[in-house]
> 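Below are the structure tokens for one structure; questions will follow.
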Amino acid sequence: MNRPARPVTVALTASAVLLLTACGSGDDDASSDKIKGADTSSGATASVSPTASAAPEGADRPEITLPKEFQADFESWTNSDPKLQAILNDGREELRSQYAAVIEADLESEAVAFYNSDATLPTARNWIKQFVDDDETLIGKVTVFDPQVSIGDSGSGVLFYCVDERQASTKDRKTGEVTKTPDKPESVIQYRINLDKTSQGVWKAASVEVAPGACS
């Protein structure tokens, strides 16, 4: 189920990795969504698995709701530094916005546009469009873990995290046919994201790179 590449299974397997596809590398020349190296420093404990997560303080952020048929569990998604926690918060919602858009078949999702820059939005929408065109939705569960977050010398945020899609599947909306994500290392995907902070205080994705199997 990679996103840009984000597969959530066959639809994703065909184009990269289901969930992998959504994040930022839909086709072979998605090199424009490359992330630069990260100086990592991650935070502590606490697990977050919101269905409707509370929007972070500040800008009027959209509320994103996922149905009970699909869970996105964020493990250890906390940091003692408020600035780094803000990046984690917006990075989490960026990912959740794309899952919600797929499930709602919403190609023009305002939440996806809210958390993506002009550079990454076309790829994110292309990932969503693959599911909409195939009349598929997402079910099951993904686990998002091992966040590594930092702020570079230029002031841009750097966020690495892993997504385990092996318990997620795609489901045909008409027939109900379910296609499971393959149980293999490539179904655990590392996302590498650069984020820029807007004048309203929102950390938007500026570039995205995905690496299937890099977390195993």
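Computed from a predicted model, the values in this text were never measured in an experiment. Start at 1 with the first residue, then count along the sequence.
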> Give the minimum heavy-atom separation between Val112 and Ala101, together with the two atoms involved.
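Closest heavy-atom pair between Val112 and Ala101: CG2-CB, 3.9 Å.
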> Quick one: are Gln98 and Asn116 in side-chain contact, heavy atoms under 4.5 Å?
yes
> Of all residues at least two apart in sequence or in a different chain, which pass the side chain to side chain donor-acceptor pair (under 3.5 Å) check with Lys83?
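None.
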> May I ask you to test the Thr198-Phe114 pair for a side-chain heavy-atom distance under 4.5 Å?
no
> If the condition is side chain to side chain contact (heavy atoms under 4.5 Å, CB included), which residues does Ser156 pass it with, not counting sequence neighbours?
Ser154, Asp196
> Atom CD of Glu94 and atom CG of Asn89: how far apart are they, to the nearest 0.5 Å?
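If we round to the nearest 0.5 Å, Glu94:CD and Asn89:CG are 13.5 Å apart.
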> Nearest 0.5 angstrom please: Lys204 NZ to Leu121 CG, how far?
8.5 Å
> Is any side-chain heavy atom of Thr170 closer than 4.5 Å to a side-chain heavy atom of Leu138?
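Of all side-chain heavy-atom pairs linking Leu138 with Thr170, at least one is under 4.5 Å.
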> What are the two closest heavy atoms between Ala105 and Val132, and how far apart are they?
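Taking every non-hydrogen atom into account, CA-CG2, 3.7 Å.
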> Could you grab the distance from atom CD1 of Ile139 to atom NZ of Lys180, nearest 0.5 Å is fine?
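Ile139 atom CD1 to Lys180 atom NZ measures 9.0 Å (nearest 0.5 Å).
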> For residues Val102 and Trp127, determine if any side-chain heavy atom of one lies less than 4.5 Å from a side-chain heavy atom of the other.
yes
> Who passes side chain to side chain contact (heavy atoms under 4.5 Å, CB included) against Lys197, sequence neighbours left out?
Trp203
> Under the 3.5 angstrom rule, does the side chain of Gln85 hit a backbone N or O of Trp77 as a donor-acceptor pair?
yes
> Do you know the tightest heavy-atom contact between Ile87 and Ser150?
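Nearest heavy atoms, Ile87 then Ser150: CD1-O, 4.0 Å.
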> Please check if any side-chain donor atom of Gln130 sits under 3.5 Å from a side-chain acceptor atom of Asp134, or the reverse.
no
> Side chains of Asn194 and Val158, heavy atoms from C-beta outward: is any pair under 4.5 Å?
yes
> Report the C-alpha separation of Ile128 and Leu107 in whole Å, then their side-chain angles, then the decisive distance to 0.1 Å, and conclude whether the side chain to side chain contact (heavy atoms under 4.5 Å, CB included) test is met.
CA-CA 6 Å; Ile128 297 163; Leu107 291 175; 4.0 Å; yes
> Of all residues at least two apart in sequence or in a different chain, which pass the side chain to side chain contact (heavy atoms under 4.5 Å, CB included) check with Glu108?
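Scan of Glu108 (side chain to side chain contact (heavy atoms under 4.5 Å, CB included), adjacent residues dropped) gives Asp106, Arg125.
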> Under the disulfide bond (SG atoms under 2.5 Å apart) rule, what pairs show up with a residue in residues 121-182, not counting sequence neighbours?
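Qualifying pairs, neighbours excluded: Cys162-Cys215.
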> Identify the two heavy atoms, one from Val178 and one from Ser169, that lie closest to each other, and give their separation to 0.1 Å.
CG1-CB, 3.6 Å
> How far does OG1 of Thr179 sit from NZ of Lys171, to the nearest 0.5 angstrom?
12.0 Å
> Look only at the side chain of Thr120 and the backbone of Ala205, and say whether a donor-acceptor pair between them is shorter than 3.5 Å.
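Yes, because the side chain of Thr120 sits within donor-acceptor range (under 3.5 Å) of the backbone of Ala205.
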> Within the structure provided, determine whether Leu95 and Tyr161 are in side-chain contact (heavy-atom separation under 4.5 Å).
yes
> Testing the basics here: between Val202 and Arg61, what is the closest heavy-atom pair and its distance to 0.1 Å?
CA-NH2, 3.6 Å
> Could you tell me the separation between the OG atom of Ser109 and the CD1 atom of Ile103, rounded to the nearest 0.5 Å?
11.5 Å
> Can you confirm whether the side chains of Thr143 and Asp164 place a donor and an acceptor under 3.5 Å from each other?
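On atom types as modelled, these side chains do not qualify, holding no pair under 3.5 Å.
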> Assess the residue pair Val144 and Arg92 against the criterion (side chain to side chain contact (heavy atoms under 4.5 Å, CB included)); give the C-alpha distance rounded to whole Å, side-chain angles, the decisive distance to 0.1 Å, and a yes or no.
CA-CA 9 Å; Val144 189; Arg92 176 193 65 212; over 6 Å; no
> Between the main-chain N or O of Ala168 and the side-chain N or O of Thr181, is there a donor-acceptor pair closer than 3.5 Å?
yes
> Using 0.5 Å steps for rounding, measure from the CZ atom of Phe131 to the CZ atom of Arg173.
10.5 Å
> Thr175: what forms a side chain to side chain contact (heavy atoms under 4.5 Å, CB included) with it, not counting sequence neighbours?
Asp172, Glu177
> Would a distance-only check, ignoring hydrogens and angles, find a side-chain to backbone donor-acceptor pair under 3.5 Å from Ser187 to Pro182?
yes
> Mind checking whether Pro62 and Tyr115 have side chains closer than 4.5 Å, heavy atoms only?
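Side-chain contact under 4.5 Å: yes.
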> Ignoring hydrogens and geometry, is there a side-chain-to-backbone donor-acceptor pair from Arg96 to Ile64 under 3.5 Å?
yes
